[in-house]
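Worksheet: the structure to be examined is printed underneath.
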Amino acid sequence: MPEINRSLDNVGTGFAAFLSPPSPEVIRFSVGQPDFDTPQPIVDEVKAALDRGETTYTRTQGSVELCQAVATHLANHNITADPQDVVITPGCKQAILYAMMATLDAGDEVLVLSPAWPSYDGMLKLLNYVPVHVQVRRDNYHPDFSALESAVTGKTKAIMLNSPNNPTGAVYTPEEIEQLLEFAKKHDLWILDDMIYATLAWTDYPYTSPSSLPGGEERTITIGGWSKGWAMTGWRMGWITGPKRVMDGVKKINVSAATHVATFIMPAAAVALTLHEETEIMAASFKERRGIIHGLLKELPGLVVPEPEGAFYAFCDITGTGMTDIEFANRALEEAKVQLIPGSLMEGGEGFVRISYATSPENIREGVQRLSVWLNSL
Ligand SMILES: Cc1ncc(COP(=O)(O)O)c(C=O)c1O
């Protein structure tokens, strides 16, 4: 029998083992997706596009209107994007893969601020690139610049950036983004900036793009999408933009790999980017839930929980309970009927658990109460 791709042996399955739907009485703090329906004007537009018969092949990088809409949206984040250099992808996930494929050669090392969303590690390994995990600070989950400096080798080619962050909920300050950019300039690195949670920052400073800072545009690949801020996870829509020579490569990859996303979804995705009230209501609701869950979690014995700054995750240091994170997650499910994600599914996440607060305030109160009863009984 022929062999299969040997790289697959190194690729994990992310959070899958702890995401399987539990019995109905379990409170799920595990799922990282908005608990809202996609706003109605977006849904109406996809139906209208189908009725208009928009079901044929179209421009591969994405419709002119949608690429323009993304460029206009990015301008709100002080990112200058030429609509000609925007490519629409099947999910932000595929945009990240394209960014890696367009900038890296086999064997190149990529600095990953860890613990990190596990797909970065999987994608890099799948393509024979080398993830180099660099632990963030334990007190606030922000970058540790001396650790980053020590991790650089002659093979380091890029740094993966994700702020607001999954799993830690950290939002890096504008000064830190500037420092990351200076670091990237010093070592001549690409910055792959996954801005999927950009509209969900609860800090008094916003998501800051390295591309918006002097000298940042030429080395930043900006990647984002509709899943989190617009409650569109199932639509599988993302974007990527960056310097022209990178985007020429991305366009080649996209033509070979996907052709384009579904034609009739594109007008709806453009409508999404014009909505403000709907997205602000969702964001405000997550911010409120952040306050509720943090107030409750910090009372739990053995847990240390910095205030979550963005996205919809609370990242808890559980070492004070004396349990490993896997034991904590398994026992929380069994004994407290609460499902959460153990940190060691991500390199550098040992001793932590991720709690998603993208669930109702009632579930948040009930779930943390169950954890409280359980932990206090130990
Ligand atoms: C940090 C991060 N980037 C990207 C994605 C994937 O986004 P999409 O659903 O658009 O592929 C996720 C989804 O959980 C995420 O947490």
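If you read the sequence from its start, that first residue is 1, and numbering goes on from there. In listed order, ligands and their atoms are each counted from 1.
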Any non-hydrogen atom of [X] lying under 4.0 Å from ligand 1?
| X | value |
| --- | --- |
| Y120 | yes |
| Q94 | no |
| Q33 | no |
| W226 | no |
| S227 | yes |
| T233 | no |

Taking both backbone and side-chain atoms of Y313, is any N or O found less than 3.5 Å from an N or O belonging to ligand 1?
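No.
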Between the side chain of Q61 and the main-chain N/O of Q84, is any donor-acceptor distance below 3.5 Å?
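Checked: pair present.
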For the side chain to side chain contact (heavy atoms under 4.5 Å, CB included) test, which of I177, I221, T220 pairs with L161?
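Of I177, I221, T220, side chain to side chain contact (heavy atoms under 4.5 Å, CB included) with L161 is met by I177 alone.
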Hits for side-chain contact (heavy atoms from CB on, under 4.5 Å) against N10, two or more places apart or cross-chain, chain-then-number order -> K125
Which residue and heavy atom of the protein sit nearest [atom], plus the separation:
| atom | answer |
| --- | --- |
| atom 7 (O) of ligand 1 | C92 CB, 3.6 Å |
| atom 13 (C) of ligand 1 | K228 NZ, 2.9 Å |
| atom 11 (O) of ligand 1 | R236 NH2, 2.7 Å |
| atom 3 (N) of ligand 1 | D194 OD2, 2.5 Å |

Side-chain donor/acceptor pairs under 3.5 Å, residues 106-119, sequence neighbours excluded:
residue, atom, partner, partner atom, Å
D108, OD2, D105, N, 2.8
D108, OD2, K157, NZ, 3.3
E109, OE1, T153, OG1, 2.7
S114, OG, V112, O, 3.0
S114, OG, H133, ND1, 2.6

Any side-chain donor paired with an acceptor under 3.5 Å for H187 and E182?
no
Do you see a donor-acceptor pair shorter than 3.5 Å between the side chains of Y141 and Y172?
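The answer is no; no qualifying pair exists.
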Cationic N near anionic O, under 4.0 Å, E334 to R331
no
Are R52 and E45 ion-paired here, with the side-chain N under 4.0 Å from a carboxylate O?
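Looking at R52 and E45, the cut-off is met.
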Students often mix this up, so state it plainly: with edges at 30° and 60°, are the rings of F312 and F286 parallel, tilted or perpendicular?
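Aromatic pair F312/F286 classed tilted.
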Within the 4.0 Å heavy-atom shell around [X], which atoms of ligand 1 are there?
| X | value |
| --- | --- |
| G91 | 10 (O), 11 (O) |
| Y197 | 1 (C), 14 (O), 15 (C), 16 (O) |
| N162 | 1 (C) |

